[in-house]
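A quick write-up on the structure given underneath.
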Amino acid sequence: MSDDLTIRDLRLEKLAKLRELGFDPFAVERFDTPTSIADLHKRFDDLAPAPGDDGHPSPEDIATKTISLAGRLVSLREMGKAAFANVSDGDDKIQAYFRKNDLDELQPGAWAAFKLLDIGDHVGITGYLFRTKTGEQSIYVRSLTPLSKSLHTLPLGKEKDGEQWYGLSDVDQRYRHRNLDLVAKKDARSMLLNRSRIVSAVRRFFDDRGYFEVETPMLQLEAGGAAARPFKTHYNAYDMDVKLRISLELYLKRIICGDVPKVYEIGRVFRNEGVSNRHNPEFTLLEWYEAYANLEDMMSCVEDLFKDVAQKVFGTTELHGLDFGKPWHRVDMLTAIHERSGIAPEELRDLESAKAAMKRVGLPTEKENNLGGVIEKLLEHFVEPHLQEPTFVIGYPIETSPLAKKDPNRPGFTRRFEGYVLGREVCNAFSEINDPIDQRERFEQQLGERAKGDDEAHPMDEDFLFALENGMPPTGGCGIGIDRLVMLLTGAEHLREILLFPMMRPDKPQGDDDEDED
RNA sequence: GAGUCGUUAGCUCAGUCGGUAGAGCAACGCCCUUUUAAGGCGUGGGUCCAGGGUUCGAGUCCCUGACGACUCACCA
């Protein structure tokens, strides 16, 4: 930021003066912080020396009850020859009391150094705990160690009665300078920490159940396993174009083919699509596969997962008016569509009559060119908004499910379900195709769609087919978008709230060596 | 990709009818040895997003562009 050059220059001068005084903050490598600030507050009475008659503890007591802490200066109240500051370690903060006489006596130069500090600087402090006359738990500083100098004004705002005057309201700036957001905004911090806890709980869930966590290639010749446009890039060593993965599916199933019966992966996938409050071009996908397991096993696994994660992270299974401790509702897809739209299953047997029904209920039909697409559109429009409580919708059309086993009892449909909560999809699962001939036919069918102009249709993958041809056990698989799971559990309204660094355009135009296409 | 709205001091925002820009906080100086959105007195700080146009004169009106927010469309 070239605009606050003056502030930056002033702070650089202060830094130089600190160095002259022998308090170079950037020369320090470590500072012992045996107890967190939260812990200091909790154990205040144990750690604080007893005040004597003059209100100050005895030298002996001080000697045995000196503590240290480090953190960022987040507020400063100077009063001539004494000052109060709040020091934050990110989680919690404590008030520090600086007094000229004491500092000058105990640590020559320290008071002058203190006067050169600004809000935003990191400091290490040693001293003893005491209460001010207003009763606030504080530390009486006996030694000061500057640990960093901030060259800019932090948008810390101020605080009163627990309420925050936050200086960064421009959401754009919050995401572009997430470090400032994390420093200054408690909600941002806790939302992002909760994400970390959720991911950790998910991992423990699968680890405890005997799944192996694996990592599969992100650079792939053909990006398969989902319907999406991939990012393309180039691998110089082999002079070969490669794509970034759009899903984890096909490599995880290769591992099942290798007789590792329970695997999962939590990893980033990339889809070359737009940004919205629920979309980011890179996002984190969880997929797990279990050999010899069927759809019912997958459903109870999803139920257990949500229940377990909610309990571990939030201490309750009841969130946002929902109870993840209870089994999820289960509905058949066509039945649900019939109930909500009046369109009977018989009308959805061929594209012609399905489109007629769609038209009858007032939906546009121009873009529809396969029966499965129509059926999913009807589900989305009529049923999804009503699926507030956790619900599994079972039985997806074959055209939109090129990797799911056919339902032997229902031609045109597959053994696949999706889970919905609060009207939004939260998981997608099916009995995986393990018949290599069936899988090849499905890929060929997809190639047909691709020829018709659907550039998100699944590509052929001979290598995957070869793995299937060597034998894959019957397998259940399921995928969950971690970001959306976190949104659901934390109640975040926007994906960017729970993504540390969401995709953004550069705030200044880049060099023009690239013309925009399209 | 389409529509609507926005962009003014480090931060949050005012700026009327077109007449060369204001507040609070932050910063800087002085005072203040238990304050806590500390207080008191004083000072400095602006490419009004960018580029064009209308006008004697544009933060203000018009056009184009950049970036953002919201809504819609596609997807998880």
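Here is the naming used below: chain letters follow the sequence lines, and residue numbers restart at 1 for every chain. All values reported here derive from a predicted model rather than from experimental measurement.
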G-U wobble or Watson-Crick pairing nucleotide for [N] (cut-off 3.5 Å, both distances):
{"N": "B:C13", "result": "B:G22"}
{"N": "B:C61", "result": "B:G53"}
{"N": "B:A27", "result": "B:U43"}
{"N": "B:U7", "result": "B:A66"}
{"N": "B:U71", "result": "B:A2"}

Both A:Thr132 and A:Pro281 contact RNA chain B. Which one's nearest nucleotide lies toward the 5' end?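 Taking each residue's closest nucleotide, the earlier one in sequence belongs to A:Thr132.
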First encountered from the 5' end of RNA chain B, between A:Phe84 and A:Met504: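 Its nearest nucleotide being more 5', the pick is A:Phe84.
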Does NE2 belonging to A:His381 count more than 12 external heavy atoms closer than 6.0 Å?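 Atom NE2 in A:His381 is not crowded, with 12 or fewer foreign heavy atoms closer than 6.0 Å.
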Residues in side-chain hydrogen bond (donor to acceptor under 3.5 Å, both in side chains) contact with A:Asp53, at least two apart in sequence or another chain: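 With neighbours one apart ignored, the set is empty.
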Going by side-chain hydrogen bond (donor to acceptor under 3.5 Å, both in side chains), name the residues that satisfy it together with A:His122, two or more places apart in sequence or in a different chain.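 A:His122 satisfies side-chain hydrogen bond (donor to acceptor under 3.5 Å, both in side chains) with A:Ser148 only.
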Counting just side-chain N and O atoms, does [X] come under 4.0 Å of either OP1 or OP2 of [N]?
{"X": "A:Arg278", "N": "B:C72", "value": "no"}
{"X": "A:Arg77", "N": "B:U35", "value": "no"}
{"X": "A:His494", "N": "B:C70", "value": "yes"}

Scan side-chain atoms only and decide if A:Glu213 and A:Tyr264 contain a donor-acceptor pair under the 3.5 Å cut-off.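 On atom types as modelled, these side chains qualify, holding a pair under 3.5 Å.
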